[in-house]
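Read through the structure below, which is laid out as structure tokens, and then see the notes.
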Amino acid sequence: DTAVSQTPKYLVTQMGNDKSIKCEQNLGHDTMYWYKQDSKKFLKIMFSYNNKELIINETVPNRFSPKSPDKAHLNLHINSLELGDSAVYFCASSRLGAEGEKLFFGSGTQLSVL
Amino acid sequence: GQNIDQPTEMTATEGAIVQINCTYQTSGFNGLFWYQQHAGEAPTFLSYNVLDGLEEKGRFSSFLSRSKGYSYLLLKELQMKDSASYLCAVKGTGGFKTIFGAGTRLFVKA
């Protein structure tokens with residue numbers, strides 16, 4: 001069983017479209033995250049939810065909207081996609097107190113905006 | 001500001017030892033992590049240090065000096081499969097935010 005699973009793995013779309021990425025974790029963790037990894041491999045945090053409550057919201061365009069229907073799921077919706085949104089998006093989860101709340105990552109979604 | 005610095009690339013020989021350094025300046029400190037990321041894959045957790053000193057886990061060890069804002073990851077008995085990026089990451093205080101360095105790409109040659 002995959003601990004943190006996200007879909008789709010690849011997403012190719014046109015500029016201006018709206019798309020969603022889904023993430024689910026079966027580890028019983030309290031906190032979930034979205035990270036963006038650009039072409040230079042820099043991993044940057046975008047959002048974090050703890051027990052369905054938004055706790056981190058970095059300087060991200062408001063075209064990006066996370067939604068957490070329950071603590072096992074965190075989805076990312078992106079409106080009006082732009083070329084600069086092309087990147088790999090990683091979902092992650094962690095548990096309070098477990099080795100500094102180390103992160104468990106999903107396999108990533110490679111988004112290509114044409 | 002927050003800054004994490006590590007070398008961009010390193011090359012080492014199979015069977016050798018390599019040390020990957022990381023220096024950081026962050027708003028508060030609540031632990032330092034090392035992650036391994038193979039090309040096209042997700043990062044995976046390697047180690048966590050919150051107190052000064054050396055933590056050893058098999059072929060991998062991680063060292064922390066909080067007063068110097070410095071850590072290193074030591075890889076012994078290098079294997080070809082150790083070719084990957086190694087990401088240094090720091091957790092600040094007051095939240096759940098883990099900040100990542102740009103990563104060090106390690107090439108292990110025969």
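In what follows, chains are A, B, ... by sequence order, proteins preceding strands, each numbered from 1. Since the structure is predicted, the reported quantities are computational estimates derived from the model, not experimental observations. All values below were derived from every heavy atom in this structure, side-chain atoms included, with hydrogens, water molecules and symmetry-related copies excluded.
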Task: Among A:S68, A:S93, A:S94, A:S48, side chain to side chain contact (heavy atoms under 4.5 Å, CB included) partner for A:M32 - done: A:S93

Task: When B:G103, B:P43, B:G31 are compared by non-hydrogen pairs under 4.5 Å with chain A, the top option - done: B:P43

Open item on the list: Check the orientation of B:Y24 and B:F29. Use parallel for under 30°, tilted for 30 to 60°, and perpendicular for over 60°.
Closed with: parallel

Task: Heavy-atom contact with chain B under 4.5 Å, split by part of A:E58 - done: side chain

- [ ] Check each atom of B:L32 against the heavy atoms of chain A and say whether the ones under 4.5 Å are side chain, backbone, both or neither.
- [x] neither

Task: Basic-acidic side-chain contact under 4.0 Å: B:D82, B:R59 - done: yes

Open item on the list: With side chain to side chain contact (heavy atoms under 4.5 Å, CB included) as the test, pick out the partner of B:S62 among B:W34, B:Y48, B:F33.
Closed with: B:W34

